[in-house]
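One structure is given below, encoded as structure tokens.
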Amino acid sequence: MTDTGIGASVKRVEDARFLTGRGSYTDDLEQPNQTYAYILRSPHAHAAITKLDVSAAKAAPGVVAVFTGEDMQVGSIPCGWQVNSKDGEPMKEPEHPPLAKGKVRYVGDQIAVVIAESLAEAKAAAEAIEVDYDIQPAVVDMNKALAGGTLVHDDAPNNLCYDWEIGDAAEVDAAFANAHHISKIDIVNNRVVPNAMEPRAAVGAYDKASGEYTLYTTSQNPHVIRLLMGAFVLQIPEHKLRVVAPDVGGGFGSKIYHYAEEAIVTWAAPKVGRPVKWTAERTESFLTDAHGRDHITHAELALDENGKFLGLKVDTIANMGGYLSTFAPCVPTYLYATLLAGVYTTPLIHANVRAVFTNTTPVDAYRGAGRPEAAYLLERLVDRAAREMGIAQDEIRKRNFIPSDAFPYQTPVALQYDSGDYMATLEKAQGMADVAGFPARKAASEAKGKLRGLGYSTYVEACGIAPSAVVGSLGARAGLFESANVRVNPTGSVTVFTGSHSHGQGHETTFAQLVSDTLGLPLDQIEISHGDTNKVAFGMGTYGSRSLAVGGEALMKAMNKVIDKSKKIAAHVLEAAEADIEFKDGKFTVSGTDKEMAFGEVALTAYVPHNFPHETLEPGLEEQAFYDPMNFTYPGGCHIVEVEIDPDTGVTTIEKVSACDDVGRVINPMIVAGQTHGGLAQGIGQAMLEGCVYDDDGQLITGSYMDYTMPRADDLPSFDTDTAVTLCAHNSLGVKGVGETGAIGSPPAVINAIVDALSGLGVTDMTMPATPEKVWQAIQDAKMPMAAE
Amino acid sequence: MYDFNYYKPGSLADAASALAGAEDGKIVAGGMTLIPTMKQRLAQPSDLIDLAAVGDLKGISSDGSSVTIGAMTTHAEVAGSSDVQLVIPALAAVAEGIGDPQVRNCGTIGGSVANNDPAADYPAACLALNATIVTNKGEYSADDFFTGMFDTALDEDEILTAVKFPKPDKAAYMKFPNPASRYAMVGVCVAQTGGAARVAVTGAGQDGVFRASEMEAALASNFAPEALDGISVSADDLNSDIHASAEYRAHLIGVMAKRAVAAA
């Protein structure tokens, strides 16, 4: 329809602002007369606070106020999702005060806040706070935590948050009894630190005249923060609390959650009578941004003599950290175990998940959230089964794929996939990867003393989170719809208010493309507004690749309402029946005639309604819609990774990444490629580089970029990405989501490729991150005589 | 960062007296390690004496058989110097591989050598190339200068002014970077001069940079990678951390040494 519509690789309209330093992030916002907050954090993972004396800090130069947990008597930071144990008991949900009350539970836990005229003075004063700690043993290892002894929370025996299951264990056992072959695997899904480029920040302000609080914060979902903080922690009614999430520099999940600092600065603002600003230093980001992944799993796959999957048994322990973060309980359950069918027809699945408290940073959703853990487990296990049974990697997958004509497909673990064609993405990826040429490339590597391997991953995920009715029945304490408001201005330009939030995704471009395509407007006549609870009616925000599939659909719904209203106006002006009005190419025409009105003329008429029949036609042109999806969406695809290993050093070089994803209809191919690239970098980062390490005392060893390996450009090859689309069957756009595919599909492909490269030496396993030392050590161990066997 | 006094003297003599007069003075020679440490409040010097305005300390001179580099010469200047590239190309390569462009344009050879970070590159180059460390009080051979992790022969009020490198017949440096920090996890610099060979290892030793004498003996008689076959460095005195065990570092020393010899 327009060259800026659906399917066009429009350059991102927001990038001019970002690339020229004109973005407006929370820390850029200067409030008149603002103060600066510095938070004293626990240096110990587990300790009772036996003395806390802030008197010297209060007297220090420039200090406005110092507050402790005793001063801040407010509600507990709430958890947004309740998971029940298999015996029906609700999960353990310990109190989570914004400032610690008598006990600290991880390194970085908040103890006191110093508010001063400058950040330097606040920091200096914090050093004058006297704290005595009764240091207790730290609970770090999940298995030891479950053995009891030291408790992170006294009201959570054996540090168990919940013990949950899905599927029928007895039926699965019966399938195993008839198996021709059983493959077993032990998996650690390594903990990662999100590392958004912009550290978290929060500014609290209070207007005495109106009684309104304002919180500026680095959030992926400002309305959710307003609800959680306003209703549960600070008891501020929503009409007196404005939450603004302006430009946000990356989230990856870590900026979904309600954090203590948001409550602290909002609560403190009226106490000190001035705005209070807090911005995390990078070390604080490492210590306090909710971490991702951190599962330990044992799984077994039963196969028949043809390599068909008969059943899957999974036993997972998931780390919750020191407190329950906002969505933590649902990640290893409803976003993980429900994906254990993967792209396969496995008829029987049982999974048991125990969530555990430890004296570590809280763990929550991180790009992919549960689905990468499921895909990693399955794809490693399928790879192993293929090797054990002597079936080719693509062949075992093809034998077990859900066929493309079997949709809608009901899995044994609750989800119903609406569409997909796993054979198509596999075959296209194989072509991209030149799998046929691999033996020659392997021989060439071997000729120069190198090892070469090829690894597959075929995955599906659940996005577009999510149908409110479904998630409500699974324990979500929120609905997961989305809202959109389309305001047609009198001169025909359009302002869209969306509840989705962009923190790198490019909504200002893709959402505008939807408008351009639907209403026939050029992009410069369209403004996408988001991130302010005083502008946007409501919003559940952006995570779980939901913006387009839920927020985009809400926008389509609102635009359809605008078109309907416009037809009424055009019918009135053109003196025709409403049913005879057609809208096409930005014009309303009376069918079969040459009578027409441009969109802009209709807009102007709507606001200059000199002769409207007011009984049947209201002035104005602005429509609001809420959209609640029918189902999750199910992106999927195939990633093929090729590696070369230097056996002298263990250095693994990623030679080729071929990712063919089915993300549903593509609105902007360039942005889809960009999202895939970013996801691949994070997935490969987890597989090869990133590993969060705590010592036995609960100290974060990888607390800076000196020790935590972030992927750099030279760690990665050029990516070969493409799509093979099947449309989502239950939304009008046919879109599925792309935000997480790269991070979900790539880790198992990387590790499978490394195992493939080393398989000639007899190596069968590799853990993430596959560092040079681990690869080298695996080679050394394989060379040792098999004395122990 | 804590408060401190800042001086920017215009001469070496003024710098020396400012250092001598300070309670806990620190020289700033680029500040690539010191400033981040101060920002993290891990260092609290009373006085900073910035050598940036001491013009005599900057620059590279060569007489064809050696190169002398002023202490305040940046890594980028060393890497880009036609004199260094001509006389000791391995040294230019070492400088080219330090940190990132920002570090290479601020950090200096004097700052790096005086700091003697156990994972820095220059100490290995100094030791393998048998450099002479020149100060405002005298001279040290590299063998005498590096006395342990973050420790040198410098007196508290002594200022490093230049490093003098004799031209080797052959030299090369091979670094295995720490995947996170990109500092040397193991870096090996080898040099052959006349009949002698020197092998210096950084990033691996518990006491900082050291010479691998068994390798040197083997290379003295045959400066070829295969001369190092069968020679292993003991893991006993090597670092072990989350990135590499002592055993892995010991192994990498052998691999990097061979590759350095091959590249020399």
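Quantities reported herein were computed from a predicted structural model and do not represent experimental measurements. Convention: sequence-line order gives letters A, B, ...; per-chain numbering from 1.
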Just checking heavy atoms, which of residues 695-713 of chain A are less than 4.5 Å from chain B? A/Ile701, A/Thr702, A/Tyr705, A/Met706, A/Asp707, A/Tyr708, A/Thr709, A/Arg712

Residue set satisfying side-chain hydrogen bond (donor to acceptor under 3.5 Å, both in side chains) with B/Glu77, at least two apart, ordered chain then number -> B/Thr74

Give, as side chain, backbone, both or neither, the part of [X] having an atom under 4.5 angstrom from any heavy atom of chain B.
| X | result |
| --- | --- |
| A/Thr771 | neither |
| A/Lys774 | neither |
| A/Gln780 | neither |

Region of B/Asp3 that comes under 4.5 Å of a non-hydrogen atom in chain A: neither

Do B/Arg259 and A/Asp648 sit within salt-bridge range, that is, some charged N less than 4.0 Å from a carboxylate O? yes

Could you pull out all donor-acceptor pairs under 3.5 Å where a side-chain atom in residues 21-40 of chain B meets a protein atom, sequence neighbours excluded?
residue, atom, partner, partner atom, Å
B/Thr37, OG1, B/Thr33, O, 2.6

Option that, when pairs with chain A are counted at under 4.5 Å, heavy atom only, ranks first among B/Met1, B/Met185, B/Arg41: B/Arg41

Heavy atom to heavy atom, less than 4.5 Å: which residues from residues 226-257 of chain B reach chain A? B/Ile242, B/His243, B/Ala244, B/Ser245, B/Glu247, B/Tyr248, B/His251, B/Leu252, B/Val255, B/Met256

